Amino acid sequence: MKDLESTIKLLAARGKGILAADESSPTITKRFAAVNVESTEETRRAYRDMLVTTPGVNEFIAGVILFEETLNQKALDGTPFPKKLEQLGIVPGIKVDKGLVILPNTADEQVTQGLDGLSERLVDYRAKGARFAKWRAVYAISDHTPSMLAIKTNAECLARYAAICQANGIVPIVEPEVLIDGAHTIERSAEVSERVLNAVFHALKKHKVQLEYIVLKPSMVINGKTCPVKASCDEVAKATITVLKRTVPAAVPTINFLSGGQSSEEATANLNAMNALFGHLPWNVSYSYARALQDKPMKLWHGDSQQVKAAQQAFYHRAKLNSLASVGKYTVSMEKETATA
Ligand code: 13P
């Protein structure tokens with residue numbers, strides 16, 4: 001309990017967020033391919049070293065979620081990554097789910113696997129320095145999905161995972177992602193998100209998960225990518241906070257959004273609008289982005305050690321803007337500031 005308390009205190013620190021650097025090997029390979037970088041153990045190590053050793057980034061980043069490979073790797077100076085993060089005052093975390101499989105008897109909806117042996121794996125991860133974990137469930141929106149079966153099955157898995165984490169002194173990030181793919185409206189996204197979050201919190205309660213020691217990582221309530229009507233930042237903020245107020249108990253200390261395919265600028269502006277428009281929210285409202293934090297730094301780096309400084313400056317700048325957004329103090333004009341680390 002003491003461990004859960006000290007970890008959540010660090011993760012929920014106002015003005016700070018979480019970097020998701022836990023792309024699985026197939027996912028990082030895809031991202032690297034887009035910037036013409038071969039994905040090898042060494043390039044992945046060099047890239048993640050570039051991110052976490054960015055000077056000063058610990059002002060804005062409270063925790064980093066690692067993929068298992070990185071948890072076991074050493075940073076370029078020979079220090080194991082978890083130790084390196086600790087030295088920098090950043091809490092190391094670990095993605096523990098084992099990805100998505102089709103849920104039979106649905107319209108190819110997906111459920112997340114990885115519960116078998118989870119407790120034993122957590123003991124090992126913890127010994128290696130991990131203090132929090134992540135499990136991602138996904139829900140695709142179509143006219144007929146997500147089904148109640150998919151919603152309930154994923155909620156049950158998220159809750160079992162969270163309970164197992166807490167039993168091992170690990171703070172669980174509970175991540176139900178309503179996908180942005182599709183032509184759905186923001187209203188439909190709100191309706192689905194509300195149903196999903198209701199089921200998740202119902203299951204968390206059933207499994208006696210202590211809400212004081214979780215991080216909720218939801219998607220924002222937003223129109224689908226190909227929806228002809230694009231919601232403004234204020235509309236996204238209002239719809240998202242409305243759904244969260246209806247579903248997320250005040251006992252939850254912090255909500256850290258995923259970026260889910262929004263551009264870096266959009267993800268920052270939407271987060272800012274939530275904190276600027278709503279003064280007294282019961283939870284810290286912050287970020288746990290992967291793509292929206294990494295897009296520009298990854299492009300600048302593109303596997304070239306000569307570009308590490310430029311990439312780090314871009315990463316520092318993006319993290320700073322998101323930190324400002326997490327307290328409602330970001331403005332679009334800051335996008336033009338020179339990025340200096
Ligand atoms: P994105 O911010 O790129 O959506 O990734 C967040 C994440 O951790 C997905 O599980």
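Starting from 1, each residue takes its place in the sequence as its number. Only a predicted model underlies this, so the values are computations on that prediction, with no experimental measurement involved. Both ligands and their constituent atoms are indexed starting at 1 by order of listing.
Of the N and O atoms on the side chains of Gln294 and Tyr47, at least one donor lies less than 3.5 Å from an acceptor on the other residue. Between Thr254 and Asn256, the side chains place a donor N or O and an acceptor N or O closer than 3.5 Å (distance only, hydrogens not considered).
Of the charged side-chain nitrogens involved, none lies within less than 4.0 Å of a carboxylate oxygen, so that Glu68 and Lys128 do not count as a salt-bridged pair. The pair Glu5-Lys2 does not meet the salt-bridge criterion, since no charged nitrogen lies less than 4.0 angstrom from a carboxylate oxygen. Under a 4.0 Å N-O distance rule, the pair Asp77/Lys84 qualifies as a salt bridge. Look at Glu38 and Arg44 and you find no salt bridge, because none of the NZ, NE, NH1 or NH2 atoms lies under 4.0 Å from a carboxylate O. The existence of a salt bridge linking Glu191 and Arg195 is confirmed by a sub-4.0 Å separation between a basic side-chain nitrogen and an acidic carboxylate oxygen.
In terms of protein heavy-atom proximity, atom 10 (O) of ligand 1 is nearest to Lys134 NZ, 2.5 Å. Protein heavy atom in closest approach to atom 4 (O) of ligand 1: Gly260 N, 2.7 Å. For atom 5 (O) of ligand 1, the nearest non-hydrogen atom of the protein is Ala290 CB, 3.2 Å. Shortest contact from atom 6 (C) of ligand 1 to any protein heavy atom: Lys217 NZ, 3.5 Å. Ranking protein heavy atoms by distance to atom 2 (O) of ligand 1, first place goes to Ser259 OG, 2.5 Å. Looking from atom 9 (C) of ligand 1 to the surrounding protein, the closest heavy atom is Glu175 OE2, 3.2 Å.
Checked against a 3.5 angstrom limit, the closest N/O atoms of Arg291 and ligand 1 fall inside it. Between Ala20 and ligand 1, no pair of N/O atoms sits closer than 3.5 Å. Looking at Leu258 next to ligand 1, no N or O pair under 3.5 Å apart turns up. Considering both main-chain and side-chain atoms, Glu177 never comes within under 3.5 Å of ligand 1 through any nitrogen or oxygen pair.
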Applying salt bridge (charged side-chain N to carboxylate O under 4.0 Å, His left out) to Lys206 and Glu156, what does each step give before you reach the verdict? CA-CA 9 Å; Lys206 192 166 78 177; Glu156 188 70 13; 3.1 Å; yes

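Here is the list of ligand 1 atoms found below 4.0 Å of a heavy atom in Tyr289: 2 (O).
Proximity of Ala292 to ligand 1 is not established, as no heavy-atom distance is less than 4.0 Å.
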